[in-house]
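A short worksheet on the structure shown next.
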Number of protein chains: 2
Amino acid sequence: MVSVVAVAKRAGVSPATVSRVLGGQVRVSAETRARVLQAIEELGYRPNEVARSLRAGRGRAVALVTGDIEQGINAALAKNVQSELEALGLDLLLFNMEHREERLRHFLERAPSLALRGVLLSAPHVMDMPTLLPVIQAAIRSGVAIVSLGQDFSAEGIPSIVNDNAGGAAAAVAHLIASGRTPVAFVGRIETSVVGRARFDGYRASLLANGEDVDAGLVWEISEGYRADAGYQATRAALKRNVHFGAVFAASDELALGGMAAAADHGLAVPDEVAFMGFGGLSWGAFSRPSLSTVAIDAPAAARAVGEVFKADGPPGAAGLTIIPTKLVLRQSA
Amino acid sequence: MVSVVAVAKRAGVSPATVSRVLGGQVRVSAETRARVLQAIEELGYRPNEVARSLRAGRGRAVALVTGDIEQGINAALAKNVQSELEALGLDLLLFNMEHREERLRHFLERAPSLALRGVLLSAPHVMDMPTLLPVIQAAIRSGVAIVSLGQDFSAEGIPSIVNDNAGGAAAAVAHLIASGRTPVAFVGRIETSVVGRARFDGYRASLLANGEDVDAGLVWEISEGYRADAGYQATRAALKRNVHFGAVFAASDELALGGMAAAADHGLAVPDEVAFMGFGGLSWGAFSRPSLSTVAIDAPAAARAVGEVFKADGPPGAAGLTIIPTKLVLRQSA
DNA sequence: CTGAAAGCGCTAACAC
DNA sequence: GTGTTAGCGCTTTCAG
């Protein structure tokens with residue numbers, strides 16, 4: 001590997017000067033700079049990022065810890081975040097949590113020794129903060145920026161970027177009610193998912209605000225995953241119990257797709273007999289039949305907010321809360 | 001940050017001994033080892049991975065360069081690969097190529113300075129190997145293992161893990177023909193995607209083997225993306241031209257979903273009037289209505305093959321070709 | 001079996 | 001404006 005020393009030799013200067021040319025902060029005479037640049041060119045020199053990181057005490061990688069990258073919304077987030085970080089010269093480390101919290105803790109413990117620039121916590125789970133906070137604070141102390149992506153930890157001093165889950169859910173439910181699709185059921189993970197609960201809260205609030213009441217029989221908790229099969233099972237079970245509902249509001253697009261399948265299998269017309277509303281705004285939603293109405297999450301905006309955190313180089317600013325608006329997208333299913 | 005020196009001091013030994021205990025290769029007296037271990041415990045010491053990487057000349061990160069992480073199959077791959085690498089103590093760097101080749105080259109150029117353990121090339125594009133090979137070889141020379149995930153570069157000396165695209169496609173088409181769904185159309189990217197072309201080759205071979213002929217009017221090239229909208233547009237265009245076909249074989253599940261939507265919008269019953277077959281085996285495929293028949297890709301198996309490459313620590317073994325079998329999954333759409 | 005020393009490649013102090 | 005030196009934290013000779 002060609003190093004600063006080699007470049008320095010070739011340019012007839014000291015390694016320090018090469019470094020100065022590279023850094024661009026300290027003044028170097030135009031002539032020297034030119035010679036160094038030429039040597040760099042000729043040797044095809046590229047600074048060793050590892051050495052830089054060791055020297056600087058921190059590297060240029062940001063980790064995205066996600067609950068399940070196979071869920072469309074997480075993949076969308078990963079894509080947008082990677083692109084945003086890249087513009088800042090940062091790399092993205094991907095860590096799939098697989099919905100297991102102890103994996104998060106282990107990873108967080110490794111963050112300082114990896115000299116990570118930051119860790120984006122993007123899991124929807126209810127987290128055991130008493131256990132996690134010490135690890136998080138240790139990471140922060142050693143220079144790792146911790147950012148929550150999805151749930152609000154600003155009270156714990158963690159900058160948080162959060163979708164307007166309750167607002168989006170409320171708008172969706174209001175629409176369903178206004179269209180006469182009552183009663184409105186809810187499918188999602190409430191017990192163990194903060195995000196799921198926020199969407200549920202919006203559902204509940206909207207019901208109440210519109211003079212409907214919350215029927216426990218219409219709230220379908222799912223235990224595992226947030227994928228289509230869970231939506232299918234929950235909806236089918238309700239149908240089998242002869243529960244009556246005019247619409248299903250699902251906490252993800254995948255759940256909604258599963259729900260629509262259950263309705264179809266039960267011989268119900270969507271949206272005429274049951275309407276469906278998803279959450280996420282995934283691109284395939286426009287191509288199911290019926291196409292899926294949904295509360296669209298603005299992944300690019302969330303990624304931009306992440307970019308902002310890392311743009312200002314110093315210690316992370318105030319542990320604020322950034323709320324990313326959602327948008328109701330009406331298609332055929334509701 | 002607590003370092004080997006601090007641990008050494010506390011244990012009353014030299015840094016070298018601490019390192020030996022950590023390494024586990026060299027013999028250390030049981031008593032000394034115990035003292036060191038205790039000091040490590042007490043101080044909460046974790047070895048600095050960056051320093052290790054600098055010292056060792058290479059790090060513990062493997063990059064996955066993917067065409068588009070939002071495509072379900074790529075997310076599935078990322079998930080399985082991450083999990084497999086993690087078992088080997090390796091981290092996954094995610095780089096979304098966004099279907100632009102010059103981005104690949106730039107990333108490859110950075111690989112050595114990042115001291116990457118390896119780079120998984122997982123883009124379906126036709127690549128300009130004359131341009132790329134020098135960069136790849138430079139990376140290999142500096143210790144970065146290059147592995148192709150998706151297309152066969154074994155002739156170029158790059159170990160390759162490839163799905164049985166042609167075989168899977170052939171089986172799918174044979175099934176369509178056997179079910180009397182002729183003529184069979186093909187949607188996919190042929191011009192610029194090696195993977196798309198391999199699937200097309202399987203389609204073509206199967207047609208020929210079954211006494212059907214290849215009708216250029218039934219081969220729908222798509223230019224941008226591999227997502228549902230492309231499948232929709234291509235299918236709709238054919239329908240508008242009054243092209244007749246009994247089935248559509250799509251090169252991805254997303255394309256198939258889009259195609260089914262176009263058929264539905266055109267008033268065609270699936271599968272009675274037109275059958276659809278996807279490629280990928282994504283989990284939501286079981287929950288579209290009609291549910292999607294598909295050629296399932298075995299992402300876990302591909303990930304395991306990746307694991308094998310990095311398990312043997314030394315220089316990568318023979319630049320072999322590993323073919324991952326696909327499986328025909330029959331559901332409602334065909 | 002253990003310690004001392006060197007050095008991976010880089011940059012920030014400190015001279016001059 | 002530029003060179004010299006030191007040291008980030010680690011592991012691996014080389015001695016003992």
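Chain letters run A, B, ... following the sequence lines, proteins first and then strands; every chain starts at 1.
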B/Leu54 CG to C/dT11 P: how many Å, rounded?
12 Å

From the options C/dC10, C/dA4, D/dG9, select the nucleotide whose nearest atom is closest to the side chain of A/Tyr45.
C/dC10

Of the listed C/dT2, C/dA12, D/dC10, the closest approach to the B/Pro47 side chain comes from D/dC10

Between D/dC10 (C1') and A/Arg55 (CZ): distance, integer Å:
16 Å

Select base, sugar-phosphate, or nothing to describe what A/Ser29 touches, counting heavy atoms under 4.0 Å on all strands.
sugar-phosphate

By nearest atom, which of the nucleotides C/dC10, D/dG3, C/dT2 is closest to the A/Arg52 side chain?
C/dC10

Tell me what A/Val50 touches on the nucleic acid: a base, only sugar-phosphate, or nothing, going by heavy atoms under 4.0 Å.
nothing

Please report, rounded to the nearest Å, how far the P atom of C/dG9 is from the CG atom of A/Leu43.
14 Å

Carboxylate-amine/guanidinium contact B/Glu49 B/Arg60, below 4.0 Å
no

Which nucleotide wins on minimum distance to the side chain of B/Ala51, given the candidates C/dG9, D/dC10, C/dT11?
D/dC10

Identify whether any heavy atom of B/Val13 sits under 4.0 Å from a base atom; if not, whether one sits that close to sugar-phosphate; answer base, sugar-phosphate or nothing.
sugar-phosphate

What nucleotide, of C/dT11, D/dG9, C/dG3, holds the atom closest to the side chain of B/Val4?
D/dG9

Base, sugar-phosphate, or nothing for B/Thr32, non-hydrogen atoms under 4.0 angstrom?
sugar-phosphate

Atom pair distance, as rounded to whole Å: CG in A/Leu22 and P in C/dT11
6 Å

Spacing between A/Glu49 atom CD and C/dG9 atom C1', to the nearest angstrom:
11 Å

Measuring to OP1 and OP2 of D/dG3, would you say a side-chain N or O of A/Thr17 lies under 4.0 angstrom away?
yes

Taking for B/Ala56 and for A/Gly23 the nucleotide of DNA chain C with the nearest heavy atom, the one nearer the 5' end belongs to B/Ala56

Could you check whether B/Ser3 gets within reach of a base, just the sugar-phosphate, or nothing at all, counting any heavy atom under 4.0 Å?
sugar-phosphate

From the list B/Thr66, B/Leu93, B/Leu64, side chain to side chain contact (heavy atoms under 4.5 Å, CB included) partner of B/Leu120 resolves to B/Leu64

Would you kindly give the NZ-to-P distance between B/Lys9 and D/dC10, to the nearest whole Å?
13 Å

Has the side chain of A/Asp91 got a donor or acceptor atom that lies under 3.5 Å from a matching backbone atom of A/Ala61?
no

Could you tell me whether A/Arg105 and A/Glu109 have a side-chain N and a carboxylate O separated by less than 4.0 Å?
yes

Give a yes or no on whether a donor-acceptor pair under 3.5 Å exists between the nucleobase atoms of C/dG3, that is its base, and the side chain of B/Arg20.
yes

Value in whole Å for how far the C1' atom of C/dG9 lies from CZ of B/Arg58
18 Å

Measure the spacing between CG of A/Leu321 and CG of A/Asp152 and express it to the nearest 0.5 Å.
4.5 Å

Within this structure, what is the CG-to-C1' distance between A/Leu114 and D/dG9, rounded to whole angstrom?
14 Å

